[in-house]
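All remarks here apply to the structure that follows.
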Amino acid sequence: MNADRRTEVQDGLESCLPRLWRYALMLTRASHDAEDLTQATCLRAIERADQFISGTRLDRWLFSILRSIWLNQIRSDRLREGEGHVEAETSLSFDGAQAIETNILTAQVLKKLSALPTAQRETALLVYAEGYSYAEAAAMLDIPIGTVMSRLAAVRAALAKDLERKP
Amino acid sequence: MSDAVDTELTALLDGRLAAPERAELFRRLAADPSLQERFDALAAVRGPLDDIFAGMLAGAPVARMRAALPKRAPAPRRFARARLAAGFVIAALVGAALAALVTLNIGGEKDDWSQAVVEYMRLYTPETFAGLKPDAATEAAIVGAVTARLGVHVTPEKLNLPGLAFKTAFVLTYDGSPLGEFAFADAAGTPYLFCVLADSSAPQPLHQEKRGDYALATWGRDGKQFLVIGPSPKVIDDWAHTLTGGA
């Protein structure tokens with residue numbers, strides 16, 4: 001293994017941990033599952049550090065690995081049923097959620113976000129939190145740009161529904 | 001509203017409509033109060049979403065995850081970081097080239113970015129940012145995330161002007177360059193914006209003008225263009241001088 005590349009990946013990994021975990025949380029909706037998925041991603045990245053192309057974005061390479069592990073988990077354990085499947089009884093939970101929920105509007109949005117299909121949550125995370133362009137998100141998710149657009153519109157529409165917007 | 005209308009409004013809110021489509025939608029919004037109402041409703045979710053995403057970062061169990069990483073020998077950090085920084089530049093160039101290939105980015109041809117901001121500003125009402133009251137930690141997280149993406153060094157303390165409350169911040173794309181919008185509101189809820197366009201442009205002295213119902217101040221330095229906009233010329237003058245470090 002190229003020691004320089006392994007060092008580069010390990011160096012970059014640490015600063016990406018919070019964002020990897022947040023992506024994992026949006027997929028899994030549970031803090032401990034997100035932690036497991038992030039750890040698996042880190043181990044896989046270090047194992048495959050020689051596949052990382054120096055000069056490209058490490059964070060996006062890590063995101064691709066995380067997504068790949070997540071999809072494989074879905075396929076293998078069959079606990080979830082893929083894109084579009086909604087598990088309404090599960091809510092997004094993480095340390096610090098209570099602080100956010102002191103704002104009524106934000107609490108309402110968090111609850112609605114939990115109930116969205118995984119594909120919509122993931123697309124919103126990539127574009128709104130990670131700053132992917134529509135084209136970049138489409139490439140990452142292997143879907144047409146039009147699907148990215150319709151997912152984001154569906155996210156906004158679902159979160160806006162019955163939202164109390166008075167000051 | 002139909003899904004197609006929501007998709008169009010979302011693309012506008014995300015800064016992804018080309019100039020002709022954007023202008024056409026602005027015209028329809030001006031003529032149709034129910035469309036404007038839908039725009040407000042879809043716009044209102046972005047602030048809480050950003051709060052949630054920032055809160056998640058703050059809540060990540062970083063220490064535990066870091067402790068679980070495989071141990072390694074001390075790394076040549078400065079070297080690695082320099083290479084990583086070069087990687088970001090290359091990725092940005094590739095991203096810009098990709099953006100040029102799709103028709104969905106703002107712009108398409110060069111038009112006046114300050115006019116685009118004015119057009120967005122016309123759509124923002126007190127209702128747009130109503131209910132957003134981020135605490136100091138959330139504000140710091142949001143401002144930190146947005147300024148990092150723009151490559152500017154601005155703290156919440158530097159941004160804040162007495163009488164204006166921070167509401168939210170997000171990044172759009174203008175002509176392939178990141179355009180950051182920091183939204184504030186006065187005591188009556190009237191929106192004010194501080195905007196940054198990271199387009200590697202030449203330095204510009206502070207310039208103030210009135211455009212329609214809005215006062216604007218613009219300046220450029222360190223490869224960025226800056227703009228503050230709002231209805232009160234006095235507030236804009238004070239804010240611009242605070243931000244530029246002038247008297």
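These numbers were taken from a predicted model, which means no experiment stands behind them. Throughout, protein chains are lettered first and strands after them, A, B, ... in sequence-line order, and every chain is numbered starting at 1.
The environment of A/Ile53 atom CD1 is sparse: at most 12 non-hydrogen atoms of other residues, nucleotides or ligands sit within 6.0 angstrom. Within 6.0 Å of the CG atom in B/Asp3, the count of heavy atoms belonging to other residues, nucleotides or ligands does not exceed 12.
Across A/Glu130 and B/Arg149, no two heavy atoms sit closer than the pair C-NH1, 4.4 Å. What you find for B/Asp6 and A/Ala157 is that their closest heavy atoms are OD2-CB, 3.6 Å. The shortest non-hydrogen separation linking B/Val62 to A/Pro18 is CG2-CG, 3.7 Å. The shortest heavy-atom contact between A/Val109 and B/Pro48 is CG2-CB, 3.6 Å. Taking both residues in full, the closest heavy atoms of B/Phe53 and A/Arg22 are given as O-NH1, 3.1 Å, listed atom of the first, atom of the second, then distance. A pairwise comparison of heavy atoms in B/Ala11 and A/Tyr134 identifies CA-OH, 3.6 Å as the closest pair.
Side-chain contact between A/Leu17 and B/Arg66 is present, with at least one heavy-atom pair separated by less than 4.5 Å. Residues A/Arg156 and B/Asp14 are in side-chain contact: their nearest non-hydrogen atoms beyond the backbone lie under 4.5 Å apart.
Interface residue A/Leu152: backbone and side-chain heavy atoms are both found under 4.5 Å from chain B. For A/Tyr132, the part sitting under 4.5 Å from any heavy atom of chain B is the backbone (N, CA, C, O) and nothing else. Of the two parts of A/Leu20, neither the backbone nor the side chain holds a non-hydrogen atom closer than 4.5 Å to a non-hydrogen atom of chain B. Heavy-atom distances place both the backbone and the side chain of A/Leu159 under 4.5 Å from chain B. In this structure, chain A has heavy atoms under 4.5 Å from both the backbone and the side chain of B/Arg64.
Between the CG atom of B/Leu69 and the CG atom of A/Leu43 there is a distance of 8.0 Å, given to the nearest 0.5 Å. Taking CD1 of B/Ile52 as the reference point, atom NZ of A/Lys112 lies at 11.5 Å (rounded to 0.5 Å).
Contacts with chain B were tallied for A/Ala154, A/Ala129, A/Ala139; A/Ala129 has the most, counting heavy-atom pairs under 4.5 Å.
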